[in-house]
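The structure appears right after this line, and notes come after that.
In this chain, numbering begins with 1 at the start of the sequence shown. Fair warning: this is a prediction, and the values are worked out from it, not measured in the lab.
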Amino acid sequence: MLIGRAGEQAAVERLIEGVRGGRSGALVLRGEAGIGKSALLDHAEAWADGDVRVLRGAGFELEMELPFAGLHLLLRGALDGIGRLPKAQAEALRGALGMDRSPGGDRFLVGLAVLTLLADLAERRPVLCLVDDVQWLDHASAEALLFVARRLDAEGVAIVFAARDDQRAFPAAGVPELRLTGLDTASAELLLQQAGELAPSARDRLLKEARGNPLALLELPTMLTPAQAAGELPVHAIGAEPASAPSRVSRMFGDRIARLPVQARTLLLVAAADDTGALDVVLGAARELGADVADADPAEAAGLIRVRDGRFVFRHPLIRAAAYQHASTSRRLAAHRALAGVLEGRSADVDRWAWHLAAAATGLDEHTAAALELSAEHARARGGYAAVAVAYERAARLSPEPKERGRRLAAAAAAAVDAGQHAQAARLADEAAPDVADPMAQSYLARTRAMIAMADGHVKSAHTWLARAADSASGQADDVAIVLYFEALTPAWIASDYAAMARTAERVSRLRSTGEPLARALAGMGHLAAEQPPTGLSWLRDLIEGLRDSTRPLELQERAQFAIWDLVIGDDVAAYERAAAIARECRAKGAIGLLALALALLARSQMFLGLHREALASAKEGLRIARDTGQRHYAELLIGVMIYLAALDGDEERCLALAGEIAGAQDAATGGLRCVALNLLDLSLGRPEAALRRAEEFGAFGPAARAVMVMHRMPDLVEAAVRVGREDFARAAAERVRVWAAQTAQPWAEAVALRCQALLASDEEAERHYEQAVALHLRGGRLFERARTELLYGEWLRRMRRRADARLRLRSATEIFERLGSRPWAERARGELRATGERQAGEIPTPELVDRLTSQELQIVRLAAAGLSNREIAAQLFLSPRTIGYHLYKAYPKLGVASRGELARLGLE
């Protein structure tokens, strides 16, 4: 038992007992150096006691730039299991760990591979992963392990991280934390007794200096002379009073190292500068500096270092830090030069060679810069985007030529975006700009800046960066300019910045390549900015149809933009099919960064198609990925979908809570969807005045109410205005709906426009409009809108005292609302049915089978019903196969089935 750590030990023991019972979990131990984190990891390993497999690793400060170095150390005893992974995952993990020449793939695909690998190991016996000093893990390893930790469920896997106090060094949101503080006085006194007999004065002084830090309590007594320990001489303060206990212990280690012979200090310095501890590497470099293996003896005798498994291992990370930091600059430079010399020419050590060259550099050096660029591209092939950014930035700092400096800084900025480090990417892009003059290089940098802006929710800025780059390229490279203008159009559209759209269209019309279909279509999009939908939407349809049939292969990002435009013209089915295909391809290729946007589009199209449960599942998954990848804008779009779904369900508490999360969203698309959802909620709960008030505050007929929001927002405002007697407002809104619906050529949109006209028409005209609207709805489209039309028609028929006709419409509306889970609307329809004199024996029907499942269970069950294996489902949903099996086990009783084979007969697709 550790002294004074009973509570912390119990928490670790509960986690391990959980994995013995088939559960999973993760825990972060936080505290200052020497506080006992490593001792708790030792206790966890001992508690595992043979029936739990233990994998142990650690981070090292000097190898933070080497992608997946920490992951390789952790998994080194389990690499034989990679061959059993799905092919894409196996290739990604092998490439990431440098096991072959396979590209590493997307960082999240690597994380999924680690999750599957650990789950596979746990099939034989539970697994406990212990990772020390995670604040020094390379970014790629930390990201992969956090990906795993946040998705553990029912695998029988536990991960315990030990981290220093600074959360910025290892942000682990979503993972439980246990903070270690100093020992209480009684425990500190008990631990200090292990130092032997101490006079009361010496004991009291050491207790004050150590401040409850266990390592300090064990190590500070070794600094006392026998006379000081006996109280015969005073004990003076060990270091400056304000210093922390770890700082004092570090200085103590430095003093202990300083008393060693010079050759032993040299050997310790080389071992500290190396990131492997491998005997051949350390001794090879040490010999260049006049030291050899025998010089390790004094350091071993002093308890500073030991040899284990062919490696030099420091007894504590503070010793390693002291050996490096207390050496002079000239000695550190010499150590790195010697290590670079040993590693030069070793194909497996190209990255370490480059970084030792960089550490030894004293000025601009193109040779070293080129070596770092080679290391950066190695890191890219392995999926270590943060390492790519760091290597390119360091290469830029060493580049003598300004052009090369700018190019490398731009590459560093792009890699930082891929790594989700947007603040760093913005800083690097700003630095690169003065040295980037070529139009192609400028367009590359502009795309990077636009991606930063989009991820942060600054969609207008994204448009500005792309448009400026296009302006610079026009006249020199019109083909580049057209593509940039095309890319600039989407953020302007999302922001409802129609002035920017008009400027873009006008500039495209000046280019020499205006005969190209893309250029013609982009120029025509300017009509939408002038609110000329008859022309503008036809151009938009031409653009979509033309590129859909184009032989030019389209990138995933381009196809995602077309899905946005499918929704704009109201073609929900095309948007759904395109978004679903993009999501499938993102999963297959591991393109997780784009998957968040694909799932946002998929969720939105599912919402419009009446697939509300599926939409919620897609939105939840997309939100988790958007947050994992730091894409705030897409996270807000997904929350917007969830707000709307909560409004449809009448869940006011959840709707308002989610709306509060994106209250500060700056783009019109997100703000508009939030406004639409809250309007719908107010309308469903009988508060039309509140809906109108909010709409007018938002700008009922302003830019945000144009194109993107007309068919999604104006029908609600027509109904709300009619209910409060504001006929002029209702007529203006209905006219907007009519004009836009006519150009979408979608039956559901024309039906909604007719419904709006019916609300404002005479009795004779109203019936004609309602009948035509119902007929159009029956041709397909948005089910929720059909139910609302039938509800309003039924209400009108009841007021006309045509109760039998009213019941027909109200029954249909009630059935659809109940099927969609739209409770307030269903209750309103049932109330109208009661008013017609109809009494239903069981007003709320027995829920359908899918109502019994959670959104995640529904996703899993449908994929299982389609014939996918647990491993195939896990790969699609970024979960482990064990978790898939666990959710299926929970779902079977809810569905009344006993096996996977019975799912296909339930019609859940």
Side-chain angles (χ1 to χ4, degrees), residues 33-34 58-66 69 133 135-136 164 215 219 222-223 238-240 243-307 311-344 349 352-363 365 368 394 397-398:
F60 295 103
E61 189 172 12
L62 295 178
E63 61 182 35
M64 291 178 70
E65 291 82 12
L66 299 175
D133 286 315
Q135 74 280 351
W136 290 334
R164 293 279 176 90
L215 181 64
E219 296 292 343
T222 66
M223 299 181 66
I238 304 171
S244 67
S247 298
R248 288 191 287 276
V249 173
S250 178
R251 282 200 297 271
M252 179 204 70
F253 285 139
D255 291 341
R256 196 179 295 177
I257 292 168
R259 292 195 290 269
L260 295 174
V262 64
Q263 291 89 348
R265 296 202 304 272
T266 297
L267 185 66
L268 281 180
L269 171 60
V270 174
D274 179 55
D275 46 24
T276 65
L279 288 177
D280 62 330
V281 174
V282 173
L283 291 175
R287 290 183 184 113
E288 291 292 318
L289 302 176
D292 211 329
V293 64
D295 296 307
D297 294 344
E300 285 189 281
L304 299 172
I305 200 170
R306 63 182 183 274
V307 176
R311 294 161 55 95
F312 283 112
V313 180
F314 288 92
R315 188 167 62 84
H316 193 277
L318 285 177
I319 301 173
R320 181 176 186 164
Y324 189 82
Q325 293 166 2
H326 288 265
S328 67
T329 300
S330 61
R331 291 182 65 232
R332 290 201 297 264
L333 291 173
H336 285 294
R337 278 195 296 271
L339 285 164
V342 170
L343 296 173
E344 186 173 8
D349 292 309
R352 291 183 170 89
W353 165 70
W355 279 104
H356 282 302
L357 278 180
T362 57
D365 183 345
T368 301
R394 185 75 175 107
R397 306 285 179 230
L398 294 171

Heavy-atom pair of closest approach, residues [X] and [Y]:
X	Y	answer
I319	G303	CD1-O, 4.2 Å
F314	A323	CE2-CB, 4.3 Å
L279	R311	CG-N, 4.2 Å
E288	A338	CB-CB, 4.2 Å
A361	R394	CB-NH2, 4.5 Å
H356	A273	CE1-O, 3.3 Å

Quick one: does L267's side chain get under 4.5 Å of F312's, heavy atoms only?
-> yes
Calculate, to the nearest 0.5 Å, the distance between atoms [atom1] and [atom2] belonging to [X] and [Y] respectively.
X	Y	atom1	atom2	answer
F253	R315	CZ	CZ	5.0 Å
L318	M252	CG	CE	9.0 Å
L357	L339	CG	CG	10.5 Å
M64	Q135	CE	CD	8.0 Å

Indicate every side-chain donor-acceptor pair of residues 254-264 with a distance under 3.5 Å to a residue at least two apart or in another chain.
from: R256; atom 1: NH2; to: E219; atom 2: OE1; distance (Å): 3.1
from: R256; atom 1: NH2; to: T222; atom 2: OG1; distance (Å): 3.1

Side-chain donor or acceptor of D365 paired with backbone N/O of T368 under 3.5 Å = yes
R352 side chain to L343 backbone, donor-acceptor under 3.5 Å = no
What's the verdict on side-chain contact (heavy atoms from CB on, under 4.5 Å) for D349 and V281, showing C-alpha distance, side-chain angles and the deciding distance?
-> CA-CA 11 Å; D349 292 309; V281 174; 5.7 Å; no
Stepwise side-chain contact (heavy atoms from CB on, under 4.5 Å) check, V270 with L283 = CA-CA 8 Å; V270 174; L283 291 175; over 6 Å; no
side-chain contact (heavy atoms from CB on, under 4.5 Å) between D295 and T266, worked out | CA-CA 9 Å; D295 296 307; T266 297; over 6 Å; no
Parallel under 30°, tilted from 30 to 60°, perpendicular over 60°: which one fits the rings of H336 and Y324?
-> perpendicular
For R265 and L269, what are the C-alpha separation, side-chain angles and deciding distance, and is it a side-chain contact (heavy atoms from CB on, under 4.5 Å)?
-> CA-CA 6 Å; R265 296 202 304 272; L269 171 60; over 6 Å; no
